[in-house]
Amino acid sequence: MSSELASDHIKKVYQSVKKRNPNEDEFHQAVEEFFNSIEPVFEQNPSYIEQGILERLVEPDRLITFSVPWVDDNGKVQVNRGFRVQFNSTIGPYKGGLRFHPSVNSSIIKFLGFEQIFKNALTGQPIGGGKGGSDFDPKGKSDLEIMRFCQSFMSELSKYIGPDIDVPAGDIGVGAREIGYLFGQYRKMRGSFHAGVLTGKSPDFGGSLARKEATGYGTVYFVNEMLKDRNLDLTGKKVIVSGSGNVSIYAMEKAIEYGAIIIACSDSSGYIYDPNGLDLNTIKEIKEVKRGRIHAYLEKYPNAKFEAESTAIWSLSCDIALPCATQNELDESAAKQLVKNGVVAIAEGANMPSTLDAIKVFHDNNVLFGPAKAANAGGVAVSALEMAQNSSRLSWSFEEVDQKLQDIMADIYNRCIEAAEQYNSPGNLVVGANIAGLLRVAEGMITQGVI
Ligand code: NDP
């Protein structure tokens, strides 16, 4: 097929996505980023147009929204909105995390669910794409409020999920504590123990060892693969990591293990900076144990600096930047600043943290760039390993899971490199990730027929 026909088709589908999903900027952005990569696939596979592959991919199988009423500590009833998008289950049960954050809306959930389809396909594991969450803000809530909210949320969500149907996990604002409450409520409602209905559980009741670490570690394994291609490694490299949650903390841990120096990290209140390297144990104590704010770091290290604007973190000079907080946290001007300061590699621990313009700046300047779909796929890959352990009633050692994670990240990297090469964009991991993910799902859709 001519490149013109392929491009016209893609443009038409994109226009219809914008029309049918008005005011959903994040969803449009995720679709646009994906569509920008895939023209050569349509040139080589004209049947994809006839098969309506794109039209089917951009329309979720279903989007469920529900009311989540709960009682706060003052006895007052509060109501939040819950979401679950079940996007595509061609290659396995819907799989993707739950996000509890006041910014959550259908656009955010749909962008996350859409990207999850291709990320999950890239892992090589049998998992489809889904995502969910609520506009509930866990900040400042008591433990009992969190528990009551999770119970109410699961009372409704439980109707739509199951180990072979849809398997949620954590995301922003949902960690081991929330997964525990959600799992307890599901178990109680079903009257049976379906370990495989959620991943990210405590290892005491079916959780996989190394799941907590998997996304952050996986991102750094991916960075290692990128650096190897330029005969570089992490030893002595200055690294900036945004955020200080689950992904950031374990990205920092693995980078430090490889000899890197973490000079800055952040939360939504600002960033901390120490050119000599931050102390990760103190950060863990503040964020994981006390659930505090990042500036508390200065109580122990008064010589470190705190700046009350989290996105200004990208103005610091570094070798490697790992955006691990949230979407669109790294824009064009931040990208230009990083390039000016000599950055060598970027890998996205967060989902869609770089704007489209920022990605262009990195590509134009030959900066190594690992997109989220590939670089942060380690979390969901180990979730799939958790599902496998649950099905077989086995639990693997930390080392076993970690080794599998390393192998999976190397495979993902190679898949991206090969697809980029094959479709005339050598070295472009964005194109490689999008195409390799698309091909696996599209072939499955064609083989299974239109249903
Ligand atoms: P956490 O809730 O554990 O941590 C999120 C971190 O990002 C916190 O430090 C938080 O700061 C900061 N943050 C959140 N929103 C904003 C904002 N609007 N501006 C600035 N900082 C912000 O979440 P995770 O670490 O699990 O998730 C981080 C990112 O990684 C997300 O994009 C998520 O989708 C992605 N991801 C997570 C996976 C996982 O396994 N958990 C898997 C793959 C991707 P504060 O505490 O102040 O809110």
Side-chain angles (χ1 to χ4, degrees), residues 64-66 68 70 78 80-86 94-106 108-113 115-116 119-120 127 129-158 160-161 166-187 195-203 205-208 211-216 243-250 267-268 287-289 291 324-327 349-351 372 376 378-380 382-383 386-387:
I64 303 147
T65 66
F66 49 95
V68 191
W70 56 281
Q78 305 284 344
N80 285 96
R81 184 173 290 172
F83 297 88
R84 186 73 187 165
V85 67
Q86 297 181 331
Y94 305 105
K95 180 94 199 83
L98 297 171
R99 175 177 292 191
F100 292 169
H101 192 272
S103 63
V104 164
N105 56 31
S106 60
I108 302 250
I109 294 300
K110 278 159 72 179
F111 111 67
L112 289 163
E115 296 211 324
Q116 197 83 42
K119 178 189 309 195
N120 293 2
I127 41 179
K131 200 80 189 188
S134 174
D135 58 1
F136 172 74
D137 186 357
K139 274 202 199 82
K141 302 292 188 297
S142 71
D143 202 44
L144 282 175
E145 287 177 324
I146 299 282
M147 184 179 78
R148 290 193 290 269
F149 175 81
C150 288
Q151 290 173 339
S152 176
F153 184 87
M154 184 51 91
S155 299
E156 189 64 24
L157 185 69
S158 63
Y160 309 103
I161 62 174
D166 182 355
V167 183
D171 191 83
I172 291 178
V174 178
R177 173 180 62 165
E178 291 74 20
I179 293 289
Y181 293 144
L182 292 163
F183 184 75
Q185 182 70 2
Y186 186 87
R187 183 176 59 75
V197 71
L198 289 170
T199 58
K201 301 178 294 292
S202 157
F205 50 88
S208 177
R211 172 61 187 90
K212 181 177 68 174
E213 293 82 358
T215 311
S244 47
N246 174 261
V247 179
S248 321
I249 283 180
Y250 293 96
D267 65 15
S268 57
K287 301 306 286 189
E288 291 191 326
V289 182
R291 296 179 188 276
C324 293
T326 195
Q327 64 275 355
N351 284 311
N376 73 28
V380 77
V382 172
S383 276
E386 184 168 324
M387 290 162 71

Side chains of Lys141 and Trp70: does their closest heavy-atom pair fall under 4.5 Å? yes
Looking at the rings of Phe153 and Phe136, which for Trp means the six-membered one, are their centres under 6.0 Å apart? no
Using the rule given for side-chain contact (heavy atoms from CB on, under 4.5 Å), can you reason through Gln327 versus Leu112, listing the C-alpha separation, both sets of side-chain angles and the distance that settles it, and then say yes or no? CA-CA 10 Å; Gln327 64 275 355; Leu112 289 163; 5.5 Å; no
Kindly indicate, with the supporting measurements, whether the criterion side-chain contact (heavy atoms from CB on, under 4.5 Å) is fulfilled by Val104 and Ile109. CA-CA 7 Å; Val104 164; Ile109 294 300; 3.8 Å; yes
Measure across Ser244 and Lys287 and return the closest heavy-atom pair with its distance rounded to 0.1 Å. OG-CE, 3.2 Å
Can you tell me how far the CZ atom of Phe83 sits from the CG atom of Leu157, to the nearest 0.5 Å? 13.0 Å
Flag the pair Asn351 / Lys131 as yes when at least one side-chain heavy-atom distance between them is below 4.5 Å, and no otherwise. yes
Do the side chain of Lys201 and the main chain of Ala195 share a donor and acceptor less than 3.5 angstrom apart? yes
Side chain Asp166, main chain Ile161, donor-acceptor under 3.5 Å: no
For Gln185, which of Ser152, Cys150, Ser158, Ser155 qualifies under side chain to side chain contact (heavy atoms under 4.5 Å, CB included)? Ser155
Is a side-chain N or O of Asn246 found less than 3.5 angstrom from the main chain of Lys212, in a donor-acceptor match? yes
Closest heavy-atom contact between Ile172 and Ala325? CD1-O, 3.5 Å
Say you draw a straight line from CD of Glu156 to CD1 of Ile64; how long is it, rounded to the nearest 0.5 Å? 9.0 Å
For Asn120 and Gly129, which heavy atoms make the closest approach, and how far apart are they? ND2-CA, 4.1 Å
Rounded to the nearest 0.5 Å, the CD1 atom of Ile179 sits from the OG atom of Ser202 at a distance of 11.5 Å
So Leu98 and Glu178, do their side chains get closer than 4.5 Å, heavy atoms only? no
Phe149 vs Pro138 side-chain heavy atoms within contact, under 4.5 Å: no
Show the nearest heavy-atom pair for residues Ala169 and Ser383, with the distance to one decimal. CB-OG, 4.2 Å
Measure the CZ-CD distance between Arg148 and Glu145 for me, rounded to the nearest 0.5 Å. 6.0 Å
Is a donor on one side and an acceptor on the other found under 3.5 Å between the side chain of Gln86 and the backbone of Tyr160? yes
Looking only at side-chain N and O atoms, does Lys95 offer a donor or acceptor that is under 3.5 Å from a partner on Thr199? yes
If you define the side chain from C-beta out and look only at heavy atoms, does anything of Val174 sit under 4.5 Å from Asp171? no
Does any non-hydrogen side-chain atom of Leu198 lie less than 4.5 Å from one of Leu182? yes
At their closest point, which heavy atom of Thr215 faces which heavy atom of Gly379, and how far apart are they? OG1-CA, 3.1 Å
Step by step, would you call His101 with Thr326 a side-chain contact (heavy atoms from CB on, under 4.5 Å)? CA-CA 11 Å; His101 192 272; Thr326 195; over 6 Å; no
Looking only at non-hydrogen atoms, find the nearest pair between Val68 and Arg81 and report the distance. CG2-C, 4.2 Å
Give a yes or no answer on whether the side chain of Glu386 reaches the backbone of Ser208 with a donor-acceptor pair at less than 3.5 Å. yes
